[in-house]
Structures are given as structure tokens and as C-alpha cells.
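Quick notes on the structure that follows.
Heavy atoms only: backbone and side chains are in, while hydrogens, waters and symmetry mates are out. Letters go in sequence order (proteins before strands), and every chain restarts at 1.
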Amino acid sequence: MESQEKPPVGHAVTLPPRPDSGNGHDPTAQRGNVPSNTAPKGLDTVPLFGTCDTVEIEIRDVCLSYDGTTQTLKHINMDIAKGQVTAFIGPSGCGKSTLLRCLNRLNDLVDGCTISGSIVVGGLQILDQTLDVTDLRKRVGMVFQKPNPFPKTIYENVAYGPRVLGIHNKAQLDDIVEKSLRAAALWEEAKDRLYDNALGLSGGQHQRLCIARTIAVEPEVVLMDEPCSALDPIATAKIEELIHELKKQYTIVIVTHNMQQAARVSDFTAFMYLGELIEFGKTEKLFTTPEKQATEDYITGRFG
Amino acid sequence: MPLHTDSQYEEELQQLRAKVLEMGGLVEKQIGDAFTSFVERDSQTARAVIERDHMVNYLDVVIDEACIRLLALYQPAARDLRFITTSLRISTDLERIGDIAENICERAIELNQEAPLAPRPELPEMAEGARAMLRDSLDAFLQSSSDVSVTPDTRLSVGEKLSDFGSEAPDLALSVCQHDDRIDDLTAQIFNTMLSQMRQEPEYASRAMRILFIAKYLERVADHATNIAEMVIYLAKGKSIRHLSPLPESV
């Protein structure tokens, strides 16, 4: 399929009344060369959804092997947009979690893991071995599949990060805890029990607490590895709503096995298969008119 | 393209496709019979067509339900999604053509109660043209939707570009859209002829008016066939050519 000039995706389209071509009326006469099914002049600059103009994460020719022989990631190149949600989808073992974990150097913890190429996050070369990984992980926070709150109070869970970073002023910490819990849509449920043990919260609340804990240190990027796979549909909907809210402030990269979730929450989707990035683009495009056969097969449920 | 891993889903898509094709076949017959009843002044055939319209309506409802069910239960994506939304729209156009067949029959029955007027040569050309457009648009749908399922396993290697499905279907569909202008021209011709006839011989006015209606109906059939063809191009290519003027030379 040729990539041709298309009507702008995600833009408000209000069509003018259809000219009756049967009357010898030439509809192109007044419209100049504008294709007659695109937005009328003046409307084509109104974005309905956010547009990508800044790159937050630049991934170049990244290869990774856990054992030195098998290539888990093969020459990955992609630009992740600032302030947008990017989803990685693909079958188990395709490398999507591995790629996600490259973005805050979590793979460093795996013995024998070798990685090449370059990853730049907000101007920082993060594969540089002299890099302060703790600083990176402050800038690139992560939320895991299984919620893992500390066995401490709700307050302490959120205040922990800022404390480690040297904030000890009680008023300031109170402020951070409230702001973070509000941003994670947990404040109303937690404000009267801030000093209760966090383990007493429900699974969905645990996950939102982990998100609050992540954003308490004001990262630039939030990575989410299957954040809803252990949650019920209501808790899932709350997290998805939260993702829409959070992207106003953070760049979000999410790995999910749930394709409908990727379709719902993300602006861009990357489909990976056997360690390769097969297709990457606007979520809407990928789920309606993918370019590649393998993407089509995967998202329509033809698993060979 | 391999089959869907979920065979129930595969089966339901197949059934939807069969229903759309069944409805298409029925509507083709309705339009053909309706025009015959007019040309041959056969009120009995006309009444039979009117009687059969409820079957067209029934299939419209069945297809609607099947599409909504598939959308709700399976969250279809990509080509499957385009196939289902296209089916939904095609059934609407087919239902309208069914109504038009009924309208032609009503006018035919009315005309049969008066003496015949001299036949207009444009009308058979319009009827033949509109029917050919309908047939071709449905053929194009048949071809491009056959890739939705039931094809031998021709899974391409990872990363390969999507091949052109039913590669002739988009061209066939585009030719349908291109033919629409000819039908519009013929309508304009009949309009002028009938108008001058009504001026010269006012006693023919009620009959001339009904013939004019029939011309307009046939022109609408061609418009609906064009809509179907446009949807087929969207199905095959994921590209909308609706309301484009002038039409692209190729898709």
C-alpha cells in the first residue's frame, strides 16, 4: 500500500454540504486543489488529540542478548514522543518488556546481559557506563505488573522517594504525598488512612499507590510493565483513566498483552515480534490499516 | 492469510459475509424484476417484487445484528474491523436499493392503468448501467472480502508488506464509481425530453412524470452502487475515496 497524502488523522472534520455533482456544478471550482473529502479550509489546523512534536526517547540500533548468543532485541530504532502514551505490543518473548527495561537500565541487574546501540532520554545518553543509574531511575520511573508497595504506611510509600532524594521538611513531604496521591486518583480513598499499612489497600489501590510513589519524585518518563494484568475491570478502567491524565505531564511507555488496552490508552503503538520492531506508528492507523502482514495477523487474532 | 485462531469468530465472519452476499443477490434480482415489470407492463411481477421487499428488510436487520454482535464481542481490528463496518454500510445501501425497486414497481403499476407512451431509449441503458454497477460493486466486495477468511495459508514472512488483497477488486470498484457520471447524464437527458413533452402535450404529464420518477430512481440505484464500490475500496485499501471530486485515476 502506498503511503499517500491522507486527510489529517485525529483532526476535526466537518464536511461542507455535498455539492450536487449532477447539476454540472464543479465542486472543485471553489475549493482550489484541496481534495474534496478533507477538512474545509480553516478547520484543518484544529487538532482533536495531542500531536507529537518533541521526541523524548531516541532508540538507535539497539541490540541485546541475555546469554551472548541469542539476540533478544535486534537493531531496534524508534523515537518515543514526549507527553504521549506509547504502547509496546507483541506475543510473549517478542522483546517488548526487555526493551522497556532498557529504558531505565533494569537489564543491568541481569548477569551476562550485553547491549549495544544508543538510547537517549531527554538528551541523556543512558547506555553510558559512567551514568548514575539512580539518577536515571529518578527520571525514568517504573510501575510493575504486580503491585509492590513497601510494607509501610501509605504516607511512607509515597514519601520514601523524595526522602531518599534529601527532602525532609514535613510540610513539603505532606504536600508531595497529597499531590502524588491526587495525581494517582487515590487521594479521596486514602486521605483518612494515610498512616495505615499500605498492604491493607485493595489490589487496584496498590497499583495506584505504586503510581503515586513513582510520580512523587517527578520523573520525566513513566514506564509501565503490564500495569493492569492483575486488576479487575474497574481498577483497570481507573488506571487507564489515570494514564490519560498523567500524559499531560509525563511521557508514558506501556507494555501490555491486552491489545484493546493498547488501543484505548496509547497514542502510538509498536508491534514487536521475535526481537524485531515490526511496525510502529499512530495507534489508530495500526489498529485500522496496518502496513505489515505480521501486524495484521497478530491484531486480528490469526496466530498461525 | 491464515484463519483466525478463534474458529467461532472465523465462523461468524463467514456467516456475515454470506448474508451480505445473499442480500446483494436478492436486491439485484429485485431491481432486475422491477425494471422488467415496467418495460413489459407486467403488474403481477411488480406486485411480486413489492411483496418480496420484506425479505430485503429482514436481511438488513439480520446483518445489522450480526455486525453489532461481532463488534461487541470480538473487538475486531484492522481488516476484520473494516470488513464489519463496510458490511454495515453496504447493507444500508442495499436496503435503499430494495426500496427503490419497490418504488419502480409502484410507478409501473400506475402506468399500466393508462395507455403506453413511446418507449424512451435512455431508460433501458440506464437500467442496464445501474444493474451492471450494482453487480460489479458486489463482485468487488466478494473478491476483497474473500481474503477475510478461507484462503490457503499464505502467511508471509515477518515484516513483509501487506500484499494487495484481491488485487483486481479495487480497480473494479473504481470503474463502478467512474461509470456514475454516465447515468447522471442520461437522467438529465430524460429530464429534458420529458419536460418538453409535458409542455407540448399536457395530457401526457402524469405519465411523463412517472417515467421521470423511474429515471430518477435508476439514477439513485447507481448512486448506491457507487457508495458500495467506495466502501469496497476502503475495505481493500483502507483508504477513503468518498466525496472525492474528481475521482482518483487509480487506487
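From A/I299, atom CD1 reaches atom CD of B/Q75 across 13.0 Å, with rounding to the nearest 0.5 Å. Between the OG1 atom of A/T289 and the NZ atom of B/K239 there is a distance of 10.5 Å, given to the nearest 0.5 Å. Atom OG1 of A/T288 sits about 12.5 Å away from atom CZ of B/R79, to the nearest 0.5 Å. Taking OH of B/Y9 as the reference point, atom OG1 of A/T300 lies at 7.0 Å (rounded to 0.5 Å).
No donor-acceptor pair under 3.5 Å is formed between the side chain of A/E296 and the backbone N or O of B/A78. A distance-only check finds a donor-acceptor pair linking the side chain of B/T5 to the backbone of A/F303 [under 3.5 Å].
The number of heavy-atom neighbours closer than 6.0 Å to CZ of B/R89, taken from other residues, nucleotides and ligands shown, is 12 or below. A 6.0 Å sphere centred on CZ of B/F191 holds no more than 12 heavy atoms belonging to other residues, nucleotides or ligands.
Remark: B/D6 does not engage A/R302 in a salt bridge, criterion side-chain N to carboxylate O under 4.0 Å.
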